[in-house]
Amino acid sequence: MPLRIYDTLTREKREFVPVTPGKVSMYVCGMTVQNKPHVGHIRASLSAEVMRRYLEHMGYEVSYAYNFTDVDDKIIERANAEGVDYTGVSERNIEAYLQFADLHNIKRATVYPRATQHIGEMHALIHRLIDKGHAYAAGGDVYFDVRSQADYGKLSGRRVDELREGYRIEPGEAKRDPLDFALWKGAKPGEPAWESPWGPGRPGWHIECSAMAMKHLGDTIDIHGGGQDLIFPHHENELAQSEACTGKPFANYWAENGLVNLSGAKMSKSVGNFFFIEDIAAQVDPEHTRFYLLSTHYRSPIEFSLERLKEAGVAYQRLRTPLERANVWAAPDGPAPVGELGQAVADADRLFHEAMDDDFNSAAALGHLFDLARAVNRSLDEGAGAEGVQAAKALYRLGGILGLFWKTPAGENWSAEILEIAARRDQARKAKDWKASDELRDQLAALGVLVKDGPGGQELKKK
RNA sequence: GGCGGCAUACCCAAGUGGUAAGGGAAGCGCCUGCAAAGCGCUCAUUCCCCGGUUCGAAUCCGGGUGCCGCCUCCA
């Protein structure tokens with residue numbers, strides 16, 4: 001079954017056909033690095049990354065650009081407040097983003113272009129737009145002329161004449177039409193500025209993405225991602241100026257991800273209700289967070305709370321248990337399972353791929369993994385040995401396509417106190433002193449250690 | 001006001017014409033000294049409401065209701 005991807009522009013799922021056979025180009029509007037990364041940034045990155053992983057799994061060579069907008073009003077504002085250069089703020093937040101992306105096993109993009117490193121490319125685009133009559137310079141700024149683009153609004157389903165007159169024109173702006181947007185902003189005193197044919201200034205918000213996408217991926221990219229909150233105006237404007245410039249389609253599939261909600265409302269910087277990923281990572285295993293984010297389709301909104309995450313952790317452990325029982329990380333390859341177990345592996349493999357082929361439906365794909373986990377546990381219970389281990393490895397590989405199961409079961413560094421209590425419990429248990437043994441188990445539980453008794457004796461596990 | 005999306009069990013969540021995946025929680029059973037884990041079984045005659053199309057609809061059409069997002073910076 002061919003891969004189908006939902007496209008915001010045409011509002012339908014279409015079979016995926018790359019511009020160049022065997023290759024895929026992806027561009028994702030990444031962070032404006034004015035603050036530390038929050039959960040929404042991680043979700044967007046993850047949504048795109050899973051597409052990338054799956055495309056690579058299918059044999060495509062993927063070029064993936066994730067950009068950083070490293071200069072804007074809020075970055076400047078913050079830098080001024082801290083008495084540092086704007087790069088002091090942007091560099092720090094880019095580092096934080098990469099750190100937490102790594103922590104959640106988000107593969108590094110092919111390239112991380114930054115707005116300020118593409119000033120020349122932006123100037124070139126602006127020149128072309130002015131030459132073609134789609135842009136005009138006014139008062140040190142340069143604006144895109146929205147009405148010069150007949151199909152402006154096609155991505156977000158808006159029409160210029162229907163757009164509410166609720167915007168405002170900043171003092172000093174010289175737009176011909178209120179909907180026109182800045183390609184180049186003339187510098188105000190004290191702001192970081194770059195020289196340009198229109199005077200010193202800095203990029204408008206949208207032109208950077210067109211410049212970076214075209215430079216690194218070409219005039220027409222296959223997949224364009226980012227949060228759904230960017231559809232208008234950002235993606236709309238990106239599309240308009242790019243197509244006005246090249247006359248070619250800018251992106252073939254607009255695959256925007258759904259937003260993260262808190263208590264039913266959108267997580268938002270402006271509202272102030274958001275979680276820094278740093279704070280989540282301090283309390284929740286990154287594997288659990290990744291699993292949770294993948295358990296809802298990428299285009300649906302997702303509720304984020306510690307309770308949900310905790311539930312997801314329990315569910316995720318169900319998937320990991322058979323892998324740990326079989327120790328797939330260390331087990332050598334062997335003959336594929338046959339019979340009923342072999343059938344369970346084949347079914348899971350097929351259903352997993354069918355789900356992912358259907359617009360990267362990781363939620364459905366994960367559901368099929370649970371069926372395989374049960375089959376593996378059953379075979380392990382029945383002493384299937386090597387076959388069960390190979391079935392577990394099949395589960396491990398499927399999860400790996402989604403970037404799960406990357407943590408090997410770490411040998412825990414138990415404190416001397418815990419080891420001492422555990423030793424006493426082991427003794428009590430061997431002496432069949434159940435009362436003492438259970439009390440000691442309670443003590444360990446209070447210290448966050450779970451004790452499991454198996455044929456080989458007791459086993460300690462972090463709760 | 002305009003544009004878009006969503007509404008499936010106690011909770012989360014798949015499912016876009018063929019007769020309701022999966023997970024959590026809960027209950028029963030097996031296993032276990034007891035637990036934990038695992039396994040087996042139970043848990044929506046029904047998919048927000050009302051009409052319609054169809055042999056057949058959670059899925060399509062029309063009309064409601066509710067919630068969310070965008071229209072200003074936001075992933």
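Remember, it's a predicted structure, so these values are computed and weren't measured experimentally.
Within residues 279-291 of chain A, no residue places a heavy atom under 4.0 Å from RNA chain B. Residues from residues 364-378 of chain A that place a heavy atom under 4.0 Å from any atom of RNA chain B, listed by number: A364(A), G367(A), F370(A), D371(A), R374(A), N377(A), R378(A). Contact check of residues 430-437 of chain A against RNA chain B (heavy atom, cut-off under 4.0 Å) returns W434(A), S437(A).
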Worksheet item: ring-ring contact (aromatic ring centres under 6.0 Å, His included) between F181(A) and H206(A): does it pass, once the steps are laid out?
Response: CA-CA 9 Å; F181(A) 57 89; H206(A) 317 292; 5.2 Å; yes

Worksheet entry | Steps toward side chain to side chain contact (heavy atoms under 4.5 Å, CB included) verdict (N105(A), R53(A)) | CA-CA 11 Å; N105(A) 202 30; R53(A) 278 181 186 267; 3.5 Å; yes

Practice prompt. Report the C-alpha distance between R114(A) and T116(A) in whole Å, list the side-chain angles of each, state the deciding distance to 0.1 Å, and finish with yes or no for side chain to side chain donor-acceptor pair (under 3.5 Å).
Written response: CA-CA 6 Å; R114(A) 300 182 191 186; T116(A) 58; over 6 Å; no

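There is a side-chain donor-acceptor pair under 3.5 Å between Q343(A) and D347(A). E387(A) and S379(A) are not linked by any side-chain donor-acceptor pair at a separation below 3.5 angstrom, with hydrogens and angles left out of the test. A donor atom on one side chain and an acceptor atom on the other are found under 3.5 Å apart for D357(A) and Y54(A).
Checked options D438(A), D433(A), D453(A); the residue passing with R425(A) is D453(A) (criterion: side-chain hydrogen bond (donor to acceptor under 3.5 Å, both in side chains)). Between E287(A) and the options R320(A), H104(A), Q317(A), a side-chain hydrogen bond (donor to acceptor under 3.5 Å, both in side chains) holds for only R320(A).
Minimum atom distance to the side chain of T321(A) is reached by A37(B), of the listed A35(B), A37(B), G24(B). Of the candidates G33(B), A37(B), C11(B), the closest approach to any side-chain atom of R425(A) belongs to G33(B). Each of C73(B), A75(B), G33(B) was ranked by its minimum atom distance to the side chain of R429(A); first place goes to G33(B). In this structure, the nucleotide among A25(B), C73(B), A75(B) sitting nearest to the side chain of T32(A) is A75(B).
Residue contacts shown for V28(A) are absent, as no nucleic acid heavy atom lies under 4.0 Å away. Among the protein residues, I231(A) comes within range of no part of the nucleic acid, since none of its heavy atoms lies under 4.0 Å from any strand.
Between C70(B) and K266(A), a contact under 4.0 Å exists linking OP1 or OP2 to a side-chain N or O. For N361(A), a side-chain nitrogen or oxygen approaches OP1 or OP2 of G15(B) to under 4.0 Å. Taking 4.0 angstrom as the limit, R158(A) places none of its side-chain polar atoms (N or O) nearer than this to OP1 or OP2 of G2(B).
Here the separation of C43(B) from C49(B), taken at their C1' atoms, is 26 Å to the nearest Å. Distance check on atom C1': U32(B) versus A37(B) gives 11 Å, rounded to whole Å. G27(B) and A13(B): their C1' atoms are spaced 22 Å apart (whole Å). If you take atom P in G24(B) and the same atom in C41(B), they sit 15 Å apart, rounded to whole Å. One C1' atom belongs to U53(B), the other to G38(B), and the distance between them is 50 Å to the nearest Å.
When the C1' atom of C12(B) is taken as reference, atom OH of Y292(A) falls 7 Å away, rounded to whole Å. Atom P of nucleotide C34(B) and atom CG of D453(A) are separated by 11 Å, given to the nearest angstrom. Atom-to-atom, NZ of K154(A) to P of C71(B) comes out at 21 Å; the value is rounded to the nearest Å. As a whole-Å value, the separation of M31(A) CE from A75(B) P is 7 Å. Atoms CG (N35(A)) and C1' (C73(B)) sit 13 Å apart, rounded to a whole Å. For the pair K452(A) NZ and C31(B) C1', the computed distance is 14 Å after rounding to whole Å. The CG atom of L155(A) sits 14 Å away from the P atom of C71(B) (whole-angstrom rounding). Between the C1' atom of C71(B) and the CD atom of Q228(A) lies a distance of 15 Å, rounded to the nearest Å.
Using a 4.5 Å heavy-atom cutoff, the side chains of S305(A) and L262(A) are not in contact.
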Worksheet, complete the sentence: Intra- and inter-strand pairing of RNA chain B, written as dot-bracket with Watson-Crick and G-U pairs under 3.5 Å and | for the latter, reads ((((((((.[[[..)..(...]]].(((((.......))))).....[[[[[..)....]]]]])))))))....

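Ranked by how close their nearest RNA chain B nucleotide is to the 5' end, S295(A) and H234(A) are led by S295(A). Nearer to the 5' terminus of RNA chain B, by closest-nucleotide assignment, is the contact made by R318(A) (compared with the other of R318(A) and M267(A)).
For K74(A) against C73(B), a side-chain N or O and a base N or O form a donor-acceptor pair under 3.5 Å. Side-chain N/O atoms of R441(A) and base N/O atoms of A35(B) include a donor-acceptor pair closer than 3.5 Å. The base of C31(B) has none of its N or O atoms less than 3.5 Å from a complementary donor or acceptor on the side chain of D381(A). Taking 3.5 Å as the limit, the base of G33(B) and the side chain of D438(A) contain a donor-acceptor pair of atoms between them.
Y253(A) carries R14(A) over the face of its six-membered ring, with the cationic atom under 6.0 Å from the centre and within 45° of the normal.
Under the ring pair (Phe, Tyr, Trp, His ring centres under 6.0 Å) criterion, H235(A) pairs with H224(A), W254(A), sequence neighbours left out.
Here the shortest heavy-atom pairing between V345(A) and P337(A) reads CG2-CG, 4.2 Å. When all heavy atoms are compared, the tightest approach of D70(A) to Y86(A) is O-CD1, 3.3 Å.
Relative ring orientation between F291(A) and Y316(A) is described as tilted, the plane-to-plane angle lying within the 30° to 60° band. In this pair, H38(A) and F274(A) present their aromatic rings tilted. The plane angle is within the 30 to 60° band.
The six-membered or imidazole ring of W329(A) lies near that of Y396(A), with a centre-to-centre distance under 6.0 Å.
Between I106(A) atom CD1 and Y66(A) atom OH the span is 8.5 Å, to the nearest 0.5 Å.
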Worksheet, complete the sentence: Heavy-atom contacts, protein to nucleotides 4-9 of chain B, under 4.0 Å, summarised as B (base), S (sugar-phosphate only) or - (none) per nt, yield S-----

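No more than 12 heavy atoms of other residues, nucleotides or ligands lie within 6.0 Å of CZ in R159(A), so this atom counts as exposed by the packing criterion.
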